[in-house]
Amino acid sequence: MINYSEVYVFTDQTTTCPRCGSRTEIFLDLIETQEQTQHHKCLAANCSFEFVIQNDGAE
């Protein structure tokens with residue numbers, strides 16, 4: 001189950017897993033909403049970490 005208490009921030013770099021550094025897959029893309037949120041899952045078979053990233057609001 002994903003832990004929503006940790007939310008990561010979008011960067012201009014490609015999103016990678018915060019645990020192992022592997023590429024991720026976007027499970028849910030809510031970038032067009034006010035919160036600008038994406039739910040990612042790590043593609044590494046031995047990790048499969050799920051996490052959320054959001055825009056920090058700084059423009």
Side-chain angles (χ1 to χ4, degrees):
M1 176 106 193
I2 187 168
N3 178 2
Y4 289 102
S5 65
E6 285 188 30
V7 176
Y8 299 90
V9 178
F10 276 110
T11 67
D12 58 349
Q13 303 297 316
T14 304
T15 302
T16 57
C17 178
R19 285 197 178 161
C20 72
S22 296
R23 294 183 59 190
T24 63
E25 175 182 20
I26 299 172
F27 261 43
L28 181 62
D29 190 356
L30 301 171
I31 198 68
E32 299 299 324
T33 63
Q34 183 175 358
E35 289 79 23
Q36 297 181 343
T37 304
Q38 287 182 335
H39 176 154
H40 286 252
K41 182 175 182 181
C42 179
L43 294 174
N46 60 343
C47 183
S48 299
F49 180 62
E50 294 184 34
F51 61 98
V52 172
I53 60 174
Q54 288 185 332
N55 190 341
D56 67 354
E59 307 222 358

Residues in side chain to side chain contact (heavy atoms under 4.5 Å, CB included) with Ser22, at least two apart?
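Ser22 satisfies side chain to side chain contact (heavy atoms under 4.5 Å, CB included) with Cys20, Cys42, Ala44 only.
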Which residues pass the side chain to side chain contact (heavy atoms under 4.5 Å, CB included) test with Phe27, not counting sequence neighbours?
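Only Glu25, His39, Lys41 meet the side chain to side chain contact (heavy atoms under 4.5 Å, CB included) criterion with Phe27.
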Interatomic spacing from CZ in Phe10 to CD1 in Ile53 - rounded to 0.5 Å:
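Atom-to-atom, Phe10:CZ and Ile53:CD1 are 4.0 Å apart.
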With side-chain hydrogen bond (donor to acceptor under 3.5 Å, both in side chains) as the rule and sequence neighbours excluded, what pairs involving residues 8-18 come up?
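Listed by first then second residue: Glu6-Tyr8.
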Rest of the hydrophobic cluster containing Leu30 (Ile/Leu/Val/Met/Phe/Trp/Tyr, side-chain heavy atoms under 4.5 Å)?
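Besides Leu30, the cluster holds Leu28.
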Under the side chain to side chain donor-acceptor pair (under 3.5 Å) test, which residues partner Gln54, sequence neighbours left out?
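For Gln54 the side chain to side chain donor-acceptor pair (under 3.5 Å) partners, ignoring immediate neighbours, are Thr37.
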Which of these, Thr24, Asp29, Val52, sits in a side-chain contact (heavy atoms from CB on, under 4.5 Å) with His40?
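Among the candidates, only Thr24 passes.
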Taking ring-ring contact (aromatic ring centres under 6.0 Å, His included) as the definition, give me every residue that meets it alongside Phe49, ordered by chain and number, with sequence neighbours left out.
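Phe49 satisfies ring-ring contact (aromatic ring centres under 6.0 Å, His included) with Phe51 only.
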